[in-house]
Amino acid sequence: MIPAEFEYYRPKDMAGVLSLLEEHGDDARVMAGGHSLIPMMKLRMADVPHLIDLQDVGGLSNIEINSDSIHIGALVTQSDIVEHAGLADVAPILREAALQIADPQVRYMGTIGGNVANGDPGNDMPGLMQCLDAVFTVAGADGERQIPARDFYEAAYMTAREDDEVLTSVTIAHPQGGYAYEKQKRKIGDYATAAAAVQITKEGGTCVSASIAMTNLSDTPVYSEAAGAALVGTSLNDAALSAAIAAMWGDIDPTEDNRGPIAFKNHVAGVILRRALERAWSRA
Amino acid sequence: MSKKMHIKLNVNGKDEEFLAEPRELLIHTLRERLNITGPHIGCETSHCGACTVSINGKSVKSCTMFAAQANGAQITTIEGIGGTDNLHPLQEAFKEHHGLQCGFCTSGMITRATKLLEEIPNPTEEEIRFGMAGNICRCTGYQNIVKSIQAAAAEMNAAKEAAE
């Protein structure tokens, strides 16, 4: 499997990347680890006449933990997230989710920027970022702009990022309370049949806030505000869990594919969300 | 035709320089251009791990990287880990504990396992299964691969202690 011909560029800075994007427009794509794009190029499902490799662009590989926020550069790999000394203390859900992505070889190459920017509904980080209310920074010819993760995804592979913009970083507030990223997959390396990201806070046995997002159950990640709202003020008893799951079902829109029919996906989504909520609650 | 690129790699300690089209995948560079045929082409879809090599100290599936991306990198393949006259403890252990049957996945398995043992010198069975999850074997059922890696870890740790 050999891709179609292309020109390869490895600019040293973002200005170089942006000028190539301006010059070649739709014919150019940026690439970080390449583990989503290269397989598509090999299958000739992606046609990329001008490939811009970001690996030499400086300033995109840092994880900064500030007093109230976490800043992750687009070229930070899943493996970097797993190995980082301080990150799991302030945002353990990132490590829990990263460890469920693909396999060790792919985690060394796959980046957070590629995972969130690609717009593949099967990717895990987009749902997680919606759960955490992350903000993405994109750079373009007119400078930088910020886009909330919850407003970023429009349809499969369609996002609020323009073709001549590059996603450069992800910023999140320090997550509060208990957390869980729960994923059902058929085998290592597969996308989720269903996955749930949960952050939940409690005070004296009562839920104060709950943020819930689901992966691969629609053509975008699904932040379910209604599912979170169904839990606030409850003790996460069985009735509350069932109400949250019913609310989540109202927000997802799974399609039938080789991971199963719609009824099965709804069922798995319910099971996975229940497990995620129970685990997050036990950690809150 | 797209312009050929001047690419420099260091493979198993040896400097290599050549001109290649940007679309040349690293596995093809290694096997066809450099005659380094230890890394195998299995699935070609980044699932099976038979093409695993170390690039700047990371395990990478060389079917999913262009040689151009690796320009300037240090690469280690199974050939750089050990040979017939100087088997690496992992190679010795795979032989001793029947960690292979047909052998097709073995070069990728051992290349990946060298990195796993750098990260976790004394791994549990669970850590081995998780750390080797990117390499598929269709013969052994994995039991003897786990045993081989555990045996090699014990051997390497004992040798390290003896040296200290």
Side-chain angles (χ1 to χ4, degrees), chain A residues 1-10 12 24 27 29-56 75 77-80 82-83 98-111 114 185-191, chain B residues 1-7 20-29 32 41 43-73 108-109 111-113 115-116 119-120 127-136 142:
Chain A
M1 291 199 292
I2 297 167
E5 288 177 4
F6 59 87
E7 299 293 338
Y8 174 90
Y9 309 88
R10 210 199 266 195
K12 303 279 182 210
H24 298 293
D27 282 346
R29 282 284 297 270
V30 299
M31 176 181 76
H35 274 47
S36 296
L37 186 58
I38 294 172
M40 287 297 114
M41 291 172 71
K42 286 165 68 180
L43 292 167
R44 304 211 179 193
M45 289 167 74
D47 181 29
V48 184
H50 298 274
L51 183 66
I52 308 169
D53 186 342
L54 296 177
Q55 68 170 295
D56 286 348
L75 294 187
T77 64
Q78 311 300 350
S79 170
D80 293 335
V82 170
E83 300 298 329
L99 280 168
Q100 296 177 66
I101 294 174
D103 62 45
Q105 284 94 319
V106 177
R107 289 194 290 271
Y108 285 122
M109 293 302 295
T111 63
K185 56 188 172 184
R186 298 172 303 175
K187 61 182 176 64
I188 290 286
D190 194 18
Y191 291 127
Chain B
M1 204 169 98
S2 55
K3 207 173 88 190
K4 287 197 174 180
M5 296 182 58
H6 181 205
I7 295 172
E21 278 189 72
R23 63 174 168 168
E24 183 169 309
L25 292 160
L26 182 60
I27 184 68
H28 295 139
T29 305
E32 289 156 31
I41 297 175
C43 70
E44 286 202 77
T45 56
S46 39
H47 287 95
C48 80
C51 63
T52 299
V53 301
S54 289
I55 301 179
N56 295 335
K58 295 174 176 181
S59 306
V60 174
K61 296 180 177 178
S62 60
C63 76
T64 309
M65 178 179 270
F66 297 116
Q69 284 173 278
N71 196 359
M109 284 280 173
T111 308
R112 168 60 196 150
K115 174 67 183 163
L116 174 69
E119 288 178 355
I120 313 175
E127 286 169 331
I128 292 172
R129 288 184 184 273
F130 193 76
M132 298 297 295
N135 294 75
I136 292 173
Y142 301 100

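Bear in mind that the values here come from a model prediction, so they are computed numbers and not experimental data. Reckoned from all heavy atoms, side chains included, excluding hydrogens, waters and symmetry mates. Proteins come first, then strands; the chains are lettered A, B, ... in the order of their sequence lines, and each starts at number 1.
Contact annotation for A:Leu99: both backbone and side-chain heavy atoms come within less than 4.5 Å of a heavy atom of chain B. Of the two parts of A:Met109, only the side chain, counted from C-beta on, holds a non-hydrogen atom closer than 4.5 Å to a non-hydrogen atom of chain B. When heavy atoms are compared at a cutoff of 4.5 Å, A:Ala4 approaches chain B solely by way of its backbone atoms N, CA, C and O.
The backbone N or O of A:His35 sits nowhere less than 3.5 Å from a side-chain atom of B:Lys61 that would complete a donor-acceptor pair.
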- Task: Give the intermediate values and the outcome of side chain to side chain contact (heavy atoms under 4.5 Å, CB included) for residues A:Arg10 and B:Asn71.
- Result: CA-CA 10 Å; A:Arg10 210 199 266 195; B:Asn71 196 359; 3.5 Å; yes

- request: Show your reasoning for whether side chain to side chain contact (heavy atoms under 4.5 Å, CB included) applies to B:Cys63 and A:Met1.
  value: CA-CA 9 Å; B:Cys63 76; A:Met1 291 199 292; over 6 Å; no

(request) Evaluate side chain to side chain contact (heavy atoms under 4.5 Å, CB included) for B:Leu25 paired with A:Ile38, printing each intermediate quantity in order. (result) CA-CA 10 Å; B:Leu25 292 160; A:Ile38 294 172; 4.3 Å; yes

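Here B:Asn135 contributes atom CG and A:Asp103 contributes atom CG; the two are 7.5 Å apart, rounded to the nearest 0.5 Å. Summarising the geometry, atom CG belonging to A:Leu37 is positioned 11.5 Å from atom OG1 belonging to B:Thr64; distances are rounded to the nearest 0.5 Å. The OH atom of A:Tyr8 lies 5.5 Å from the CD atom of B:Gln69; values are rounded to the nearest 0.5 Å. One distance of note links CG of A:Leu43 with OG1 of B:Thr45; it measures 8.5 Å at 0.5 Å rounding. Note that NZ of B:Lys115 is 4.5 Å distant from OH of A:Tyr108, once rounded to the nearest 0.5 Å. Put simply, CE on A:Met41 and CZ on B:Phe66 are 4.0 Å apart, with the number rounded to the nearest 0.5 Å.
Side chains of B:Ser59 and A:Pro104 form no contact here, defined as non-hydrogen atoms less than 4.5 Å apart. Between A:Lys187 and B:His47 the shortest side-chain heavy-atom distance falls below 4.5 Å. No side-chain heavy atom of A:Ile2 sits less than 4.5 Å from a side-chain heavy atom of B:Glu24. Counting heavy atoms from C-beta outward, A:Gln105 and B:Ser46 have side chains that stay 4.5 Å or more apart.
With chain B as the partner, the residue from A:Pro3, A:Gly34, A:Gly189 showing the most heavy-atom pairs under 4.5 Å is A:Pro3.
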